[in-house]
Structure formats: C-alpha cells, structure tokens
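In what follows, a structure is listed as structure tokens, so that the remarks can point back to it.
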Amino acid sequence: MTTPPAPRPASQRIADDLRAAIDSGDIAPGEKLPTTKQLVARYGVTAETVRQAVLRLKSAGVVTSRQGGGVYAREQLPLKRLGIQRYDKAKWRDRGEVAFIADRVASGREYNRSDQTQVVTRLPASRAVAAGLGVPEGTEVVSRARLVREAGVPTHTLTSYYKTQHVEGTRLEDPTPGPAGKGGGFGVFLELGLEPHQMTEELYSRMPTPAESAELELPVGEPVMVLHRTTYTSDGTVIEYAVGVHSASRFSWEYNFLIPDSAAGDSHAQ
C-alpha cells in the first residue's frame, strides 16, 4: 500500500502559489506582492506563516524587499550576452566596441565606457592561472580585475591575467576606469603584433561566495554563471586567461553559428 505524501506546510503552499503567479506573469516583474494582512486573510494563517513563505521566496531569489516596505517580484531585465559575435574584430578593431559595449548595443541599452572599472596588480600565478597561461606556478603575472555596471547596478566581474612580458608598460596596466583605449585589451594586443585569433570559453553555474554576493549586490538565492576564457594568437600563443562571474538573472546568453558537419571536413563553428 502506497503511503500518501505528507501535506505541504502552509508556508510552502503559500510560497508555491505566489511563485506560480510570478512565473505565469499574473504577478508582473517589479509588481508588489499582496500584503501580509491580505495573505493572512486569504489563507487563514498567522502572520508568522506568511513571513516564512516570503522567506522561502527570498531564498529562492524570486522576490526582493524594497526600502519603505513591501515585497516585490524581482524584475527580470536580462542583458543580452552575445556569444561569438561579441568578439567580432570589426567591433573592437574598427568601432571601438569592446565586448561589454557590444552586448549593450545588441541589447539596445545605454552605456558609458566608465561603466567598467578595474584594479590592476602584479601577483604570483596561482595553479589555475599558471595552467591557463601556460607558465610555471608562482610566475609573476598581471591581473586586471574589472567590475562592470549597468545603470549603477553591478552585472559581472571579469579578471584577466596576462604574461608580464606581454603587457608591461601598456594600457592594460592603466587602472583608469573604462576599456584600455578604443579597442580595449584586444586592441592593445593588435598593436603589439599579438592579434587575438582564437578563443575558448567554458561556462558553469554555482552559488556565489559571500564576497561575490556583496560585490555584485546579489539578491538572496541568486546563482552566478562563471566563465573561463582563454585567448590565443594564430600560432597558438596564449595572450589572456580570464575568469568572469556573472549575475545569472541579469544576462541571457545568445549564440549564433553555422552548424558544423565534421563528416564534410567543416569542424569549426562560424
């Protein structure tokens, strides 16, 4: 005989109902949820039960509180994060649209070059950075840690690591807010005769560290998308190893490419 499932706690039932309303659009992004008093009357429960339901939604990253009172469905305003197209050479080489600006243009969003700030340091390569750059662990490398904002809200961090001999004395060691000149870092490498030619990106998701939550001003329960990027010249020289941490709800990821057919000898996405 099958044992019937245990009844859901009232706080879980309320949370499930509210989340269903948010997911269906009955409660629109940015819309205020019913008040505690209204939910108490609707479900015949105590205010504490409603509070527990709201906490469940906050932990799931579905709602946020605002100064002045009230709980609101979190606004979903994803910024389009281009895939291959964001690195189009015509964008950064000819128009000065570094990658984060290419995303803003594609999304129809405003931007300032000063939306990007950076801290530049020299440090010994960790095991991961050494493996990414192909240098011995402990080798001095240049770290360029960027924080990018949109309308004052942090969207992601991106820390690039470079071999010191490649970037010493270049604009990539300049901590001034904004990209490193018109074409950004790729423009610098082009000038150095190290033109970016090939790139590998790896993505995975996880929950943020406390420091990441604070820096990106993440709601409770918000996961992050972690990007590992390696950039090569045409002869296979690694010129950049980068790690990005992106707020998961602030981006949609778009990829547009020709479908490869390895049987026909075409194994490269365009």
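Residues: numbered from 1 along the sequence shown.
- Rounded to the nearest 0.5 angstrom, Asp26 CG and Glu31 CD are separated by 9.0 Å.
- Expressed to the nearest 0.5 Å, how far OG of Ser143 lies from CG of Leu172 amounts to 11.5 Å.
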Return all side-chain donor-acceptor pairs below 3.5 angstrom for residues 212-226, not counting sequence neighbours, or 'none' if the list is empty.
unit_1	atom_1	unit_2	atom_2	d
Glu212	OE1	Arg206	NH1	2.8
Glu212	OE1	Thr209	N	2.9
Glu212	OE1	Thr209	OG1	3.4
Glu212	OE2	Arg206	NH2	2.9
Ser213	OG	Thr209	O	3.4
Glu222	OE1	Arg74	NH1	2.6
Glu222	OE1	Arg74	NH2	3.3
Glu222	OE1	Ser249	OG	3.2
Glu222	OE2	Ser247	OG	3.2
Glu222	OE2	Ala248	N	3.1
Glu222	OE2	Ser249	N	2.7
Glu222	OE2	Ser249	OG	3.1

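- Residues passing the salt bridge (charged side-chain N to carboxylate O under 4.0 Å, His left out) test with Arg122, sequence neighbours excluded: Glu140, Glu168, Glu173.
- A donor-acceptor pair shorter than 3.5 Å cannot be found between the side chains of Gln52 and Ser11.
- Side-chain contact between Tyr241 and His228: present, with at least one pair of heavy atoms (C-beta onward) separated by less than 4.5 Å.
- Counting only heavy atoms from C-beta outward, the side chains of Glu97 and Val105 approach each other to under 4.5 Å.
- Remark: side-chain polar atoms of Arg250 are paired, donor with acceptor, to backbone N or O of Pro154 under 3.5 angstrom.
- Checking side-chain atoms of Arg146 against main-chain N and O of Arg144 turns up a donor-acceptor pair under 3.5 Å.
- Between Tyr255 and Leu82, every side-chain heavy-atom pair lies at or beyond the 4.5 Å cut-off.
- Ion pairing between a basic and an acidic side chain is recognised when a charged N comes within 4.0 Å of a carboxylate O; Arg8 and Asp16 show such pairing.
- Side chain of Asp174 to backbone of Thr176: a donor-acceptor contact under 3.5 angstrom is found.
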Check: Checking salt bridge (Lys or Arg N to Asp or Glu O under 4.0 Å) for the pair Arg229/Glu240: CA distance, chi angles, key distance, verdict?
Finding: CA-CA 8 Å; Arg229 182 177 84 191; Glu240 177 205 40; 2.8 Å; yes

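- Under a hydrophobic clustering in which Ile, Leu, Val, Met, Phe, Trp and Tyr are joined whenever their side-chain heavy atoms come within less than 4.5 Å, directly or via other members, Leu194 and Leu190 fall into different clusters.
- Lys163 meets the salt bridge (charged side-chain N to carboxylate O under 4.0 Å, His left out) test with no other residue; sequence neighbours excluded.
- A donor-acceptor pair under 3.5 Å is absent between the side-chain atoms of Trp92 and the main chain of Gly187, judged by distance alone.
- Listed by first then second residue, pairs satisfying ring-ring contact (aromatic ring centres under 6.0 Å, His included) with a partner in residues 107-129 number zero, not counting sequence neighbours.
- Asp115 and Arg149 are not joined by a salt bridge, as no carboxylate oxygen comes within less than 4.0 angstrom of a charged side-chain nitrogen.
- With salt bridges taken as basic N to acidic carboxylate O contacts below 4.0 Å, none links Asp88 and Arg93.
- Of the inter-residue distances, the one linking Asp103 atom CG with Gln85 atom CD reads 10.5 Å to the nearest 0.5 angstrom.
- In this structure, the side chain of Glu150 does not engage the main chain of Thr155 through any donor-acceptor pair within 3.5 Å.
- In the model, Arg81 has no side-chain atom that pairs as donor or acceptor with a side-chain atom of Ser107 under 3.5 Å.
- Of the possible polar contacts, none joining the Gln198 side chain to the Thr231 backbone as a donor-acceptor pair under 3.5 Å is found.
- Counting only N and O atoms by type, the side chains of Ser65 and Lys58 include a donor and acceptor under 3.5 Å apart.
- Listed by first and then second residue, the ring-ring contact (aromatic ring centres under 6.0 Å, His included) pairs involving residues 138-165 are His156-His246, His156-Phe251, Tyr162-Phe189 (not counting sequence neighbours).
- A search for ring-ring contact (aromatic ring centres under 6.0 Å, His included) contacts involving Phe100 returns nothing, not counting sequence neighbours.
- In this structure, Thr139 contributes its side chain and Val135 its backbone to no donor-acceptor pair below 3.5 Å.
- No side-chain heavy atom of Val188 sits less than 4.5 Å from a side-chain heavy atom of Val167.
- Between Thr157 and Val243, the closest side-chain pair of non-hydrogen atoms is not below 4.5 Å.
- The backbone N or O of Ile14 lies less than 3.5 Å from no partner atom in the side chain of Asp17, so there is not a single donor-acceptor pair.
- Counting heavy atoms from C-beta on, the side chains of Ile84 and Asn256 never come closer than 4.5 Å.
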